[in-house]
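Single-structure report; data block below.
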2 protein chains.
Amino acid sequence: MQAVLVDQLRKANRRITVQRMQVFEGVKGLDSHPSALEVFEAVKPRLPSISLATVYRNLHILRLEGLLREIHCDRGITRFDSNLSEHYHFHCTSCQRVSDVPSYSREIERSFSEKTGLHISGHHLTFQGLCNDCLKVEPSR
Amino acid sequence: MQAVLVDQLRKANRRITVQRMQVFEGVKGLDSHPSALEVFEAVKPRLPSISLATVYRNLHILRLEGLLREIHCDRGITRFDSNLSEHYHFHCTSCQRVSDVPSYSREIERSFSEKTGLHISGHHLTFQGLCNDCLKVEPSR
DNA sequence: CCCTTACCGATAAAAGTTCTCAATAGCATG
DNA sequence: CATGCTATTGAGAACTTTTATCGGTAAGGG
């Protein structure tokens, strides 16, 4: 299980620890693009002695090794995404949850790079709006 | 000067203070999408007694009243943009500066909304890459 | 099984932001 | 122009999110 993950960590001279695996599983298990604190809460029942610092440390390492992505939607909060395939995000401005949008276009980058001559390594597209749950509660906006 | 700004603040029952005006000018004067601290540093020479809390307070109020936009590119930092016209951003992953990209497409929203049935209020598109200055220094990537 | 060292938990510290509160100053009114 | 109401200010405490420190632990190669 998680052969790619283990191989990539080994290759980078990183050890396979219970905490590291659980942090990764924590992000993967929560489809809601959890914050570090949410990952901590999710892992704690299975690993009651885990430290918040360990969660931060491993989130950072997993991101460095390209096994997780960071996303920045709200002020001051970093969220994590285990979905490495190219995709966009939908951010509900009411409940703050972030969900995946399966579409993606590399063409956007190419046309921008052509127009500006700039060196592009990627792009992020995030839609804002109200998710269906929040639309029911406050149909005002 | 700044008739729209003043009118909008009056309408919202907000007072026109030197500090508030200078905070707005600070964001507008820095084309680099400054953080709160950078706005504070920019305003301080003209208003040596201004408090950092006042800068934060007014950035928040100006955003609430729709006179500034917030953008979230890096981890943990909120940047401000006085350019209210619809546009995208280019984020240099080396020097962390953010610049404006003049293009915009409302069509993206419409097609996404049509496909998903979700209620969309906006979208943010940010390109990552190396700006021309940083490309010269580190042509590695 | 042993040794090296990456990693852990606990905690302090740093960075970014918001809150509290007494004093001040916009500005509407007379 | 003087007065009163209250939104705003400056200073600092407090809070939130994230990173650094450090002695002890355990992963994994030999």
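Here is the naming used below: chain letters follow the sequence lines, and residue numbers restart at 1 for every chain.
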Quick check: B/Y104 with B/H123 (ring centres under 6.0 Å apart)?
yes

Looking at the rings of A/H33 and A/F90, which for Trp means the six-membered one, are their centres under 6.0 Å apart?
no

Before you tell me yes or no, could you show the steps for B/R46 and B/E25 under salt bridge (Lys or Arg N to Asp or Glu O under 4.0 Å), namely the whole-Å CA-CA distance, both residues' side-chain angles and the distance that decides it to 0.1 Å?
CA-CA 11 Å; B/R46 297 182 184 185; B/E25 292 300 326; 5.8 Å; no

Nearest of [options] to any side-chain atom of [X]?
{"X": "A/T78", "options": "D/dG10, D/dT18, D/dG29", "value": "D/dT18"}
{"X": "A/N58", "options": "D/dT18, D/dT17, C/dC8", "value": "C/dC8"}
{"X": "B/T54", "options": "C/dT18, D/dT19, D/dT9", "value": "D/dT9"}
{"X": "A/I77", "options": "D/dT17, C/dG9, D/dT9", "value": "D/dT17"}
{"X": "B/L52", "options": "C/dT17, D/dG28, D/dA20", "value": "C/dT17"}
{"X": "B/R15", "options": "C/dC7, D/dT18, D/dC5", "value": "D/dC5"}
{"X": "B/A53", "options": "D/dA27, D/dT19, D/dA11", "value": "D/dA11"}

Side-chain N or O of [X] versus OP1/OP2 of [N]: is the shortest distance under 4.0 Å?
{"X": "A/R10", "N": "D/dA27", "result": "no"}
{"X": "B/Q19", "N": "C/dA25", "result": "no"}
{"X": "A/Y56", "N": "D/dT18", "result": "yes"}
{"X": "A/S51", "N": "C/dC8", "result": "no"}
{"X": "B/R14", "N": "D/dA7", "result": "no"}
{"X": "A/T17", "N": "D/dA26", "result": "no"}

For B/L47 and B/R75, find the nucleotide of DNA chain D closest to each by heavy atoms; which residue's nucleotide sits nearer the 5' end?
B/L47

Here the distance between atom P of C/dT17 and atom NE2 of B/H60, to the nearest Å, is 12 Å

How close or far is atom P of C/dC7 from atom CG of A/L62, stated in whole angstroms?
11 Å

List the steps, then state whether salt bridge (Lys or Arg N to Asp or Glu O under 4.0 Å) holds for A/K44 with A/E41.
CA-CA 5 Å; A/K44 214 168 183 182; A/E41 300 295 352; 5.7 Å; no

May I ask you to say what B/R57 touches in the nucleic acid, namely base, sugar-phosphate or nothing, with a heavy-atom cut-off under 4.0 Å?
base

So A/S49, base contact, sugar-phosphate only, or nothing? Heavy-atom distance under 4.0 Å.
sugar-phosphate

